[in-house]
Structure formats: C-alpha cells, structure tokens
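What follows is one structure encoded as structure tokens, with my remarks underneath.
A note on names: the letters A, B, ... follow the listed sequences, proteins ahead of strands, and every chain is numbered from 1.
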Amino acid sequence: MKKWIASAALLIFTMVPLFASAGVALDTINSNVSSVLDVMRDPKLKGEAGKKVKEQKIIDAAEKLFDFVELSKRTLGLNWNKLTPEQRKEFVDLYKTILKDAYIDKLTAYTDEKINYTKEVPLSETTVEVQSIVTTKKADVPIYYRVIKKDGGWKVFDVIVEGVSLISNYRTQFREILGNNPPSKLLDTLRKKVGKK
Amino acid sequence: MSCRENRYFSGSMVFLALLFSLFLTFAPVQGVAVAQERPPDEYGDVTEEVAASAEGTAIADPIEPWNRAMYHFNDKLYFWLLKPVGQGYKFAIPESFRIIFSNFYENLMMPVRFVNNLLQGRPDYAGRELVRFVINSTMGVAGFRDVAKDGFGITGRKADLGQTLGKYGIGSGFYIVWPVLGPSNPRDTVGLVGDHFLRPPTYLSSDLLDPETIALNVHEKVNNLSFRIGDYEIMKEAAIDPYIAMRDAYVQYRKKLIEQNGSEPAKQEE
C-alpha cells in the first residue's frame, strides 16, 4: 500500500510537466510558421526597397522558428566535436546562409497552400515531432517539424518532408567531405558555396 | 498505531515525490543557465545520444562514376528539354485541366496499387482502391475528377512493387541512376518492370514502340512535371553536392515508404 501510494504520487507529479506541454509545441510551430508565411504574403512589401525589408523580416521570423545551433549540431553529429569554438560559430553562420539563400525566395510559391497541423509525437524528454499536412491542389504533402524545448520555448531543429529529413540529407553530404578531410576543408567548401551567390 | 504510522509515512513520501518532481522541473533550466555563462564555447559538444537523432543514410554506390555521368545527363535533359516543354505546357493548359489529366492517369494506375496493397497483406486498402476506381470512373467521369476523395472522403494508398519487395525483406542493393528514369536500385528496378505489366497503357498495343502508347506516356510525364517545376532547382541550389543530396533523398524516401506502411496498426481502424 505504502509503495503503491508513493509510486502513484511520483508518477502523477512527474507526469504533470509532460501533460502541461501537450499541444504547446504544436501551437508554437503553428504560429511561428504562420508568421513566416504572413511576411511572405505581405502585399505591402513589394519592389526593390520592399524586398530588402521583406528579406530581413523573413530572417527575423525564421530565427524565431528555428534553432540553428541545434540544427547544426545534429547535422554534424559527433563530427561537431572536432570543430573549434570559432569554427562552430562560422559553420552555423554559413549553414544558415546556405539554407536562407536556397529557400527564401522560392518558398513564396507555396504560401497559398493550406496547412493542417495533425498531431505531435514525443520523441524524447525535450524533443517532439509536430506533424502537418500541406494540401496542394494535386496532392497532400506530409511535413514534420522536429522541435526542441529550450529556454521555455519550442524551436525547430529538423524538417522532414515526405520522409526526407533535412539534417540527415546534409549529414550525408558533409560526411562525404569530412571522411578524408579536416573540418577546415568543410568550411572552405561552404564559404565557396556562399561566395558564389 | 500502525495505521497512523502508515499515513504519516505515505504523507512524507508524497512530499518527497513533490520535491523530486520540482527538482526535475528546475534542473534543466539551471543547466542551461550555467552553459550560457561560459563564453568561449557557448554551443557545447554533441553527445552520442544527440548524434544518433539523425542518421546519415548509407547505400553502396559501386558504380558511382556511371551514376554521376547519368545524373549529369538527366540534369541537362531537365534544363534543356523537359523544363522548357513543361513550362510551355503549363503556360498553355489551365491548371484545372492539368488536374483533370492528373486525376485521369492516377485513376488509370489503380491496378498497380490494388495488386501491391494485396501483396503487402492490406486487403482493406486494396478494397478502397477498388471503390475509388468504381466511383471515380463513373461519377468522376472516366476518372477526371476525384469524387471518391472530395465527395466521400475515401483516400487511397500508394503502393508499388519495389515497396512490396522491400516489405518482404529484400534489400535495396546498390544505387543506380538510370537515364531519363533517374534514381533507383536493383530492387526498385525489378519493381518498376513488374509494375509496368500492371499499367493498362502497356496493353494498348502489342507493339512496344506504338506511337499512341508513347504519346500517352509522354503526356502523363509532362503533365505531372508541370506541377513540379522548380522543385529540382531548389534541391540543387540548397545542396553542397547535388548528386549526394539526391541519392540520400531517394534512399530516405524509399526507406520511409517501406517502413511506414509496413507497421501501422493505428491506420487499420480507419
């Protein structure tokens, strides 16, 4: 009896934080994705001057949505530990720039689609997968956001589109470079890619 | 007496449990605060556990030189021929018509999905594919409209022979890039050939190079492409090595398709 009450109490109290967070991750991602899309759709931000403002606004909104440090760490995996603190900083910056350059303009085409946030699946104590379905006129595209709880908020560290994980895809590419080369070679490659823009 | 002792004891246990849960709640917050106070390496190391959260998928690529050559061939084919044709088509044909065509081809491919759902031990989905086919071929006017989904909420399930073989435990083997057809592997290539015999257009003519059959297949491809122009460009732009990025995306996509539909008991109640 004693044991039963004790373990029940323990169970209840340790479960409370779990239940309290249910749905919060989903709501956070919903509103943060919406604010990125709102900036993209904003009709006032047109022309050359508007474009600069728009880009900055999208970057600000993206910083709120993503945790680029976590995203970088999980992309490199254990290879991350071979980087010096300065190299880590530079890597995060370059990686962010590459993602921004590739996606910022082109994703505007997808802003008219309807997004349904279906559910959230706990992955670990601090990470959750928020699942969404983007309905286009032709097909339904499943987009899953992997999010981590940090400093009281939820931030995205991976996006999985139709089963293809963003960070896994880059990990395979980076591993190819890091296989026979020091981390400085990886940074060189990224610098070159960014410089070409 | 023993009863009172009991109550006292369980009370203290509850208190202890409360304390413990409080500790659990605050512990991570303190950890973060400490980490932020050290400026030299504010980002911290990666643990084994975190590193395992993403997997760099691996596939053998013994014929990489051939594959890279074929990748470049397909890349040029896309930019020089397929993309301009697709863009012209997209410009000339209104979207609503292109969706009608897309529905028509999708409906026509029902036998592929029906047979493979059966082979994968999913008669429920096979039945739904059959129902969808009947509804869309009649009320949907020869499959022009997806009435089954829009009107009745009946959705199908993608299934192909490569996926079926994967579910039977047959490994993907190595990576192959075919000209025109793109990324594949021996298992999915066998699947593609098998599925070919389940496609109704295959039986339009006994002649393999029948112009009408070819025209139909080309139109299907171009019509599908007209919805996806720009996707490949984003992928290529974002990639450090587009060849590796595409290979990995294909491996991840196929792996997910085989695993996901393999064990989803929750879906059965639908």
Heavy-atom count around [X] [atom1] within 6.0 Å, excluding the residue itself: above 12?
{"X": "B:F79", "atom1": "CZ", "value": "yes"}
{"X": "B:K90", "atom1": "NZ", "value": "yes"}
{"X": "B:R145", "atom1": "CZ", "value": "no"}
{"X": "A:K57", "atom1": "NZ", "value": "no"}

Using a strict 4.0 Å threshold on nitrogen-to-oxygen distance, state whether B:D45 and A:R88 make a salt bridge. yes
Give me the atom names and distance for the closest heavy-atom approach of [X] to [Y].
{"X": "B:K236", "Y": "A:K193", "result": "O-NZ, 4.1 Å"}
{"X": "B:A238", "Y": "A:Y103", "result": "CB-OH, 3.7 Å"}
{"X": "B:Q252", "Y": "A:N169", "result": "NE2-N, 3.5 Å"}

Measuring heavy-atom distances to chain B, does [X] have an atom under 4.5 Å in its side chain, in its backbone, in both, or in neither?
{"X": "A:S165", "answer": "both"}
{"X": "A:L83", "answer": "neither"}
{"X": "A:L78", "answer": "both"}
{"X": "A:E162", "answer": "both"}
{"X": "A:V92", "answer": "side chain"}
{"X": "A:D158", "answer": "neither"}
{"X": "A:I177", "answer": "side chain"}

I need the A:F174 CZ to B:I244 CD1 distance, nearest 0.5 Å. 12.5 Å
Rounded to the nearest 0.5 angstrom, the CD1-OG1 distance for B:I59 and A:T172 is 11.5 Å
Heavy-atom distances under 4.5 Å only: say whether [X] touches chain A with side chain, backbone, both or neither.
{"X": "B:E106", "result": "neither"}
{"X": "B:I240", "result": "both"}
{"X": "B:F227", "result": "side chain"}

Has the side chain of A:Q173 got a donor or acceptor atom that lies under 3.5 Å from a matching backbone atom of B:D241? yes
Are side-chain heavy atoms of B:V46 and A:L76 found at a separation under 4.5 Å? no
May I ask you to test the B:M235-A:V164 pair for a side-chain heavy-atom distance under 4.5 Å? no
